[in-house]
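Worksheet: the structure to be examined is printed underneath.
Just so you know, these numbers come straight off a predicted model, no measurement behind them. Heavy atoms only: backbone and side chains are in, while hydrogens, waters and symmetry mates are out.
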Amino acid sequence: MMKKALALAVLVALTGCGGEQASQTEVAKKEAPKAEMVAAQKLTYPETHKGDVVDTYFDTKVADPYRWLEDDMSEETAAWVKTQNKVTFDYLSQIPYRDKLKESLTNLMNYEKVGAPFKEGKYTYFYKNDGLQNQYVVYRQVDGGEPEVFLDPNTFSEDGTTSLAGLSFSKDGSLAAYQISEGGSDWRKVIIIDVETKKQIEDTLVDVKFSGLSWFGNEGFYYSSYDKPEGSELSAKTDQHKLYYHKLGTKQADDKVVFGATDAQKHRYVGGGVTEDDRYLLVSAAVSTSGNKLFIKDLTKPNSPLVTVLDNTNSDSTVIDSDGSKLYIVTNLNAPNKRVVTVDASNPTPDNWVDLIPETKNVLNVSTGGGYIFAKYMVDAISKVQQFDKNGKLVRDIELPGVGTAGGFAGDKDDAKLYYTFTNYKTPGTTFSFDVASGNSDVYRKSAANFDADQYESKQVFYKSKDGTQVPMILTYKKGIALDGSNPTILYGYGGFNVSLTPRFSPARAAWLEQGGIYAVANLRGGGEYGKEWHKAGTQLQKQNVFDDFIAAAEYLIAEKYTSSAKLAVNGGSNGGLLVGAVMTQRPELFKVALPAVGVLDMLRYHTFTAGAGWAYDYGTAEQSKEMFDYLKGYSPVHNVKAGVEYPATMVTTGDHDDRVVPAHSFKFAAELQAKQGGSNPTLIRIETNAGHGAGTPTSKIIEQYADIYGFTLYNMGVKSL
């Protein structure tokens, strides 16, 4: 449907690992007594003073003593960050095998990684990382010619923290617009270049946020952003998203607002895309991360109006393709597991929709390319792919190379070959070429990772949650481990926003496996693994289901003797950081280590920062009702740390430039834990400077982060040497 957006996400599936497992050394053994001495020391934390801020919700007063840490522009907060990091890095520096973990991670990541090719104009482009480059480089070549560098994000900044955040080509491929993110921020700049000369052709666009770039011919492109907020651009609320059209040769200040300028069009998330034939502009508008309105505009007619396709946000609907005036839409309207429908653009409302690919018992994801529709189903979080023609006739079941996750099968209508990747938790991603006519798959590029998947086992189990719900979990570990409760284990989860955790290889996770650790991923309610109903079962007044599912996963691992409480760590990021914060405050005795990353941890105030109000579909808000306030306060991690309780060894991680989940969440939670920890377990916060929510993080920082996370985890599980 729309011109291909070249997803860096494909490269994530390709990421493998190389190198050998670190072996025990005499040096590590000699340093073990030093480790014991460090563990016995009582940490002295920086003093975090308490303010006197008190909020009132429905006649209930709630103290917020660390409100001052929300001010990311204050010198006092900056000083707090500096002193906290000193304590944290002093502690981490004394872990005897920290450098060995860095070496292991470096070896695992040091191999050539190449993405699937894509055609734009006369050039074929691809992403490549030679091994330890901080950012992937974009190459291009004319058929049969030698590849040359097109864009090298490693030259954008000295420390590698400025990343390529999006790349889009004009209709004939002669122009390109690319986004850059500085320090991991969601605020982006857009640079437009002539592809032949690679020279910038006009002024840089600034203050673009949560946006794709969709070209209309070679004349200009559509993009989305907010008005720059007053005060801190990292934490101030952004509430009205707008869709703009930038015409080449004009100033950004003259860009026309296509949607979102009026109160009647006020939405938190607005996006626009042009169909492959340049005939229609499609506009999606949402007030939260779930559900959207849908509009269409005929670009062949000057001053044509926006026509409403869907006038409410009770479902998720996206136009995936078009043939003339015929639209192809994937939707969960009256189909919680999604279906594909068709409708004519002249009368596009839902009462005229006709099923093309009906809903099934499995969740559907859809892509198009080569004139076909590819239905990618999740069967217990595992991929199954079917190819359909444009009339909805099943062409074939696509045979995948194993049990795992297949991603790709996307391209333009006239592409004879498409590409897809296949991976799982123990298998580095392989790229396949797929002939759309014959259905034959051939290995296009095998992973160069030096990782022997045959030494590892990855299996799916099902366990019962507190209310009897069956929940799937995938466990990955070295073959032949003893089920005696002694295995260091990381239990990972997310459980929100309709996000599905499907099996994908990661060299950073491989480092954990090589140390003999178990990596367990639970597919909790709140996610999208079983469709909309599974998602809704973990939202608002049912959010506790998510925490119960995660706790039950831990209990299963212990009961089946994969691990024990003394060897179990819990990990999750963003909404998963909330998950970790909630379960460690509800069941602190169940875990030895807690690793909440960039977490949503203050549930009474999350919606007052940046675009946080858009998360209310999943969470509700404290002002919504007394019932909702009481429920949120009942599990909000910041508000449920109790004095004198022995909490797990905790390392909170965040970035000082995170403008999605502001670091104040993590700051306040760490301050509460440090003030109230009743045992000897350390409570640290590791604050990455010049870093955001995670996207675009340089390879060098990824290596350092995981070395510290694994070192902290193993050290607090009593592992003295590797």
For E555, check side-chain hydrogen bond (donor to acceptor under 3.5 Å, both in side chains) against everything at least two apart and list the hits. R587
With D316, which residues qualify under side-chain hydrogen bond (donor to acceptor under 3.5 Å, both in side chains), at least two apart? N332
Sequence-distant partners of Y619, side-chain hydrogen bond (donor to acceptor under 3.5 Å, both in side chains), two or more places apart: N575
For K668, what residues pass the salt bridge (Lys or Arg N to Asp or Glu O under 4.0 Å) criterion, not counting sequence neighbours? D64, E70, D602
Write out all pairs satisfying salt bridge (Lys or Arg N to Asp or Glu O under 4.0 Å) with one or both partners inside residues 702-717, taking only residues at least two apart or from two chains. R98-D708, R686-D708
In short, salt bridge (Lys or Arg N to Asp or Glu O under 4.0 Å) pairs touching residues 710-719 with sequence neighbours left out are none
What residues, two or more places apart in sequence or in another chain, satisfy salt bridge (Lys or Arg N to Asp or Glu O under 4.0 Å) together with D55? R67
Qualifying residues under side-chain hydrogen bond (donor to acceptor under 3.5 Å, both in side chains), relative to N498, sequence neighbours excluded: none
In terms of side-chain heavy atoms, does R188 have a donor or acceptor partner in S211 at a distance below 3.5 Å? no
All side chain to side chain contact (heavy atoms under 4.5 Å, CB included) counterparts of V583, not counting sequence neighbours: F547, F550, I551, L579, F591
K82: salt bridge (Lys or Arg N to Asp or Glu O under 4.0 Å) partners, not counting sequence neighbours: none
Under the side chain to side chain contact (heavy atoms under 4.5 Å, CB included) test, which residues partner A707, sequence neighbours left out? L101, K102, L105
Classify the side-chain pair D467/T469 by whether it contains a donor and acceptor separated by less than 3.5 Å. yes
Salt bridge (Lys or Arg N to Asp or Glu O under 4.0 Å) with K642: which residues, sequence neighbours excluded? none
State whether the number of non-hydrogen atoms from other residues, nucleotides or ligands found under 6.0 Å of K50 atom NZ is greater than 12. no
Would you say the side chains of S290 and K532 form a donor-acceptor pair under 3.5 Å? yes
